[in-house]
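Below is one structure, written out as structure tokens, with a few remarks after it.
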2 protein chains.
Amino acid sequence: MVDIARLAGVSVATVSRALNGHPEISVATRERIAELARSLNYTVNAGAKNLRTKGNRTVAVVVPRDPAAPQPISDPFLLAMIGRLADALTSRGYDMLLSRTPADQIAALHASGTAVGIVQLGQWHDTGSLEAAARAGVPLVVWGAPLPGIGYCCVGCDNREGGRLATLHLLDQGRRHIAFIGDRSTPEPAERWQGYREAHEARGLVPAPSLHLTETTDLAHTRATVQALLDGGAPIDGIVCCSDILAIAAMSAVRAHGLRVPEDVAVTGYDDISWASHAEPPLTTVRQPIEPAADALVAALMQQAAGESTASVVLPVELVVRRSSGA
Amino acid sequence: MVDIARLAGVSVATVSRALNGHPEISVATRERIAELARSLNYTVNAGAKNLRTKGNRTVAVVVPRDPAAPQPISDPFLLAMIGRLADALTSRGYDMLLSRTPADQIAALHASGTAVGIVQLGQWHDTGSLEAAARAGVPLVVWGAPLPGIGYCCVGCDNREGGRLATLHLLDQGRRHIAFIGDRSTPEPAERWQGYREAHEARGLVPAPSLHLTETTDLAHTRATVQALLDGGAPIDGIVCCSDILAIAAMSAVRAHGLRVPEDVAVTGYDDISWASHAEPPLTTVRQPIEPAADALVAALMQQAAGESTASVVLPVELVVRRSSGA
DNA sequence: TTGAAAGCGCTAACAA
DNA sequence: TTGTTAGCGCTTTCAA
């Protein structure tokens, strides 16, 4: 900027004003300076500007990585969400930092001035760190189920209802031995499981033994687990899965066992990732509205960054019926 | 930091040194300061530090967005690559900025000090801006095919070979009317098309009419286009697709037309996204080694940031044969 | 309409 | 081992 000032024969203050479109500056000098900046390929240093103005236009999107068991981000729904968030933030003039910081360190992203706020994707098992960060005044919005009595803002879908809808749908197709696949030690599958039970109760039935998986990203492993269940002789005629990915694995296992989807075993997924409608057979699934979700996450964060407090948001889900459920 | 200095009864310089693990500082004061920082929830301001040290640990990963036709990032392969890059950068101690800056503005990301360097995903149609940025000294690595005579560093896979392998495979299954689906106006599909032709030549054959699509992310649209081709009476018995996504759409269209995969029409994809092996039928596809690719992108960028120049890298591909090709 | 000068939070000579 | 001081690149009073 000093270079420009010297070349233009003005002070750096003038250059700064010109470049920022300050009104009280002669059109002549403004244009001269703009031209000079362009020809020198000059851009105002963002860091220095932020330091001076205490501004910051960066939001950190965090997918925590467990240092003990590092796993790449592979869940298509999460990945799609990341893509949507990039758009939502870009269109609001924010930069998006994609971070793999463990949950107990997200507060530092804010304290260090790296980001104005944080969108964390998933609560995983560390709600304590999230509570702490929120209490410390870090603008924070979490994609996940708002647990009762929780101290931070969540944006999520109605998991109970999603589980209920999927299960009810299978029950109403006459299925009576419906397995439930998902990691119930995490909040969202736990809520869906509630819905699964409610659906059975509503029909005066008792749930079949369910499958509880801790690993949801490794297709091969999931498939093997489902297959083990079938090989064990369980008389399953329906499977409610907590993600479309799990449903892929489940359908694959069912076939490997010599059974047909949906004739012998009806399957439902969760998320409605873009692939679901093109699966074979097309997958019945619970759609989570990804674009509204991304918008809601960003909107809530902006409010918090502006000093307002925000309540958690629960978005509605929708059962998308396709062939895999035998309807 | 002044607060800590005051509370500890030392100068800010001492605090700075203590927090940075400078060797010439007494253990006592270092611990006192560390403790103080922890209790105050203090973290060094990253921006100010960068300003002072001229350091920067942020890399921008750019998926350009055409302002005229804004599209969310939806390609699973690209999304998976983003996930891998996040890991590769994180493990090297870099932050990753996911940006949707149009190609003609990426240089500003560097000039403004926002990022030390840029990884652009895809060349799209604007190689000119990439040339310009590289010439301006911006550390830049592009995921894509190294075009002859190009002035920037590319990391890509051997597209010609990929197209050749897939086509040869179908020809050797006895298929003689093989369509090619991809947007040949972009470099990578154009190279794969070369391979497609070479394969035919190698067997003394002439390629069937191919399908040239400009839109590769909209499944429904792609499917309709393929269906139109079949409805047009083309005697197609094989399809080479430029992505697994296209292959999904193609298989779907083939079935809708009342034909079977692979009996009537054999299909190959490209990328080997995680879903491919669980498709029905499992998809024969050309695998692009995503993790080595992400590593190569980051490694090349680091070299450039260190002032070294880097040559483009072409990674090998591998044909993964599954049932969709009828083998 | 413009300039001079202070200072954002930090680090690194140079002194002590 | 620690403090003093200058200055990274920028914006913004306050004066002119």
When you check the phosphate oxygens OP1 and OP2 of C/dT11, does a side-chain N or O of B/Ser16 lie under 4.0 Å from one of them? yes
Phosphate OP1/OP2 of D/dC10: any A/Tyr42 side-chain N/O under 4.0 Å: yes
Integer-rounded Å distance: [N] [atom2] and [X] [atom1]:
X	N	atom1	atom2	answer
A/Arg57	D/dC10	CZ	P	19 Å
A/Ile33	D/dC10	CD1	P	13 Å
B/Glu31	D/dT1	CD	C1'	16 Å
B/Asn50	C/dT11	CG	P	10 Å
B/Arg6	C/dG9	CZ	P	12 Å

Does B/His22 offer a backbone N or O that forms a donor-acceptor pair with the side chain of B/Arg30 under 3.5 Å?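 Here the side-chain-to-backbone pair exists.
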Would a distance-only check, ignoring hydrogens and angles, find a side-chain to backbone donor-acceptor pair under 3.5 Å from B/Glu188 to B/Ala145?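 Yes, because the side chain of B/Glu188 sits within donor-acceptor range (under 3.5 Å) of the backbone of B/Ala145.
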Measure from the side chain of B/Val44, starting at C-beta and using heavy atoms only, and say which of C/dT11, D/dT11, D/dC10 lies closest.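 Taking heavy atoms from C-beta onward, the closest nucleotide is C/dT11.
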Under 4.5 Å between any side-chain heavy atoms of B/Asp126 and B/Pro64, yes or no? no
Validation row: B/Met302, B/Val59 side chains within 4.5 angstrom (heavy atoms):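 In short, these two side chains touch, coming nearer than 4.5 Å.
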Under 3.5 Å, is there a donor-acceptor pair between the B/Tyr152 and B/Gln123 side chains?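 Yes, because at least one side-chain N or O of B/Tyr152 sits under 3.5 Å from a partner of the opposite role on B/Gln123.
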Measuring from atom CD of B/Glu131 to atom CG of B/Leu140, what distance do you get when rounded to the nearest 0.5 angstrom?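 One gets 10.0 Å once the value is rounded to the nearest 0.5 Å.
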For nucleotides 1-8 of chain C, 5' to 3', base contacts (B), sugar-phosphate-only contacts (S) and non-contacts (-) with protein non-hydrogen atoms under 4.0 Å give BBBB-BBB
Using a 4.0 Å heavy-atom cut-off across all strands, classify B/Asn20 as base, sugar-phosphate, or nothing.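 B/Asn20: backbone/sugar contact only, no base atoms under 4.0 Å.
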